[in-house]
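So that the names make sense, note that chain A is the first sequence line, chain B the second, and so on, each numbered from 1. Being a predicted model, the structure only gives us computed values, none of them experimental.
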There are 2 protein chains.
Amino acid sequence: MESNKKIPSPVAKRLALYHRCVETLLRAGKEMVSSKELGDRLSIKSSQIRKDLSYFGGFGKRGTGYNLHSLKDALENIMGINRTWNIGVVGAGNIGTALANYEGLLKDGYKVVALFDKNEKKVGKVVGTRRVPIYHVNELCEKIKELSIEIGVIAVPAEYAQSVADKLTNCAEIKGLVNFAPVKIYTHHVELEDVDISVSFKSLTFKIWGGFLGRK
Amino acid sequence: MESNKKIPSPVAKRLALYHRCVETLLRAGKEMVSSKELGDRLSIKSSQIRKDLSYFGGFGKRGTGYNLHSLKDALENIMGINRTWNIGVVGAGNIGTALANYEGLLKDGYKVVALFDKNEKKVGKVVGTRRVPIYHVNELCEKIKELSIEIGVIAVPAEYAQSVADKLTNCAEIKGLVNFAPVKIYTHHVELEDVDISVSFKSLTFKIWGGFLGRK
């Protein structure tokens with residue numbers, strides 16, 4: 001297989017959406033899915049879906065569609081979900097705590113193994129039913145190495161996000177960052193995904209608001 | 001202006017990304033931005049950006065680019081950010097609590113005014129510095145009307161998400177839903193945005209993992 005670096009980023013996001021939809025269909029007891037049904041469920045053109053999946057060799061058969069179990073396995077192989085990724089979260093506030101407890105991550109092999117904070121009152125405590133420990137940010141690279149953490153999460157206020165990103169990327173073991181702060185950050189040498197919660201709300205109210213404008 | 005219903009959903013998401021980037025540039029003291037700079041920062045083609053913004057009449061001048069203040073105002077008008085949206089969150093767990101405290105929402109006019117839960121121990125308490133009250137889900141439609149809530153948020157475990165969505169859409173005042181549960185849900189008559197946190201992690205590890213595959 002060629003390096004996925006050549007595959008555009010929106011494809012990565014769509015593959016993740018396909019994976020979620022495949023899981024939902026399997027839970028509903030289904031065995032097969034057509035590119036049309038996937039497309040209808042995700043509001044993505046079926047031709048786009050066939051093209052995306054063809055990057056990795058064809059799983060589907062014309063007429064019968066995709067076997068959901070094979071498709072799930074193939075997507076998990078492609079996305080590295082068939083292994084565990086240890087995650088360190090900087091910021092033991094509401095978002096950090098929510099992530100340490102989020103079942104939706106753990107079931108896909110994303111395991112928050114440490115939280116980091118600069119607040120001495122939080123350091124030394126544990127969070128949630130899995131009792132994830134909170135360490136001081138001064139111990140960041142040391143604990144990242146010790147706990148085999150490869151993914152860093154930024155869950156601090158916007159004004160500290162870039163400096164936390166810089167600190168995380170200075171730890172040799174970090175391969176990628178997920179940023180929850182509502183600000184654009186910049187990284188070198190590691191992959192980055194932004195999760196801006198307000199973008200989803202803006203996108204929603206644009207659709208609602210646009211509807212009103214149209215009705216005037 | 002024509003109804004925005006005709007504007008494709010990915011445009012809505014990109015407009016929200018432009019808005020965030022414009023805010024970042026304004027905070028950095030900038031006055032103008034070119035479609036090329038916006039494009040470089042967001043990994044979106046500059047031709048796509050010019051096309052998106054042209055939906056709403058041209059703000060930009062060839063050669064000098066966009067005035068950031070005008071662009072911000074225009075985007076906020078388009079997306080309905082220049083007003084307050086009252087939000088009710090079903091599920092007073094970690095995610096619900098994080099949302100009630102998330103500054104990134106409040107600054108754009110998205111105000112969590114109520115949490116709802118079925119756990120009697122949580123009902124009657126308040127959350128965070130803004131002291132957002134927790135009501136029983138049995139009072140859902142009543143409080144939604146009383147508090148002028150137009151947006152419902154689903155922050156419950158996956159297995160309850162669809163039934164919560166159905167309950168919310170049964171309340172006449174609800175115009176849109178934001179779903180944080182890691183499962184695909186279906187709605188009629190109201191707009192829907194999915195926030196699946198695991199999608200961002202999957203997309204990230206696909207990029208990291210693909211890099212490894214390529215190096216083998």
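When each of A:Val178, A:Asp108, A:Val195 is paired with B:Phe201, the side-chain contact (heavy atoms from CB on, under 4.5 Å) condition holds for A:Val178 and for no other.
Considering OH of A:Tyr186 and CZ of B:Arg41, their distance stands at 3.5 Å, rounded to 0.5 Å. Rounding to the nearest 0.5 Å gives a distance of 5.0 Å between CD1 of B:Ile95 and OH of A:Tyr102. Of the inter-residue distances, the one linking A:Ser200 atom OG with B:Phe180 atom CZ reads 6.5 Å to the nearest 0.5 angstrom.
Of the two parts of B:Glu76, neither the backbone nor the side chain holds a non-hydrogen atom closer than 4.5 Å to a non-hydrogen atom of chain A. Only the side chain of B:Thr24 comes within contact range of chain A, judged by heavy atoms closer than 4.5 Å. Only the side chain of B:Arg27 has a heavy atom closer than 4.5 Å to any heavy atom of chain A.
No other option in B:Leu177, B:Ile197, B:Ile87, B:Val153 has as many heavy-atom pairs under 4.5 Å with chain A as B:Ile197. For the set B:Val190, B:Leu99, B:Thr97, the entry with the most heavy-atom pairs within less than 4.5 Å of chain A is B:Thr97. When each of B:Leu17, B:Leu192, B:Leu42 is checked for heavy-atom pairs under 4.5 Å with chain A, B:Leu192 comes out on top.
Nearest heavy atoms, B:Ser198 versus A:Leu105: CA-CD2, 3.8 Å. The minimum heavy-atom distance linking B:Leu204 with A:Ile151 is given by the pair CD2-CG2, 3.7 Å. For B:Glu193 against A:Lys207, the heavy-atom pair with the smallest separation is OE2-NZ, 3.0 Å. Smallest separation of non-hydrogen atoms from A:Ala16 and B:Ser203: CB-N, 4.4 Å. Across A:Val183 and B:Arg20, no two heavy atoms sit closer than the pair O-NH1, 4.3 Å.
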Quick one: do A:Phe206 and B:Leu15 satisfy side chain to side chain contact (heavy atoms under 4.5 Å, CB included)? Show the steps, please. CA-CA 9 Å; A:Phe206 166 70; B:Leu15 291 176; 3.7 Å; yes

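Counted within 6.0 Å of NZ on A:Lys107, heavy atoms from surrounding residues, nucleotides or ligands total more than 12; the atom is thus considered enclosed. Around NZ of A:Lys51, the count of heavy atoms belonging to other residues, nucleotides or ligands within 6.0 Å does not exceed 12.
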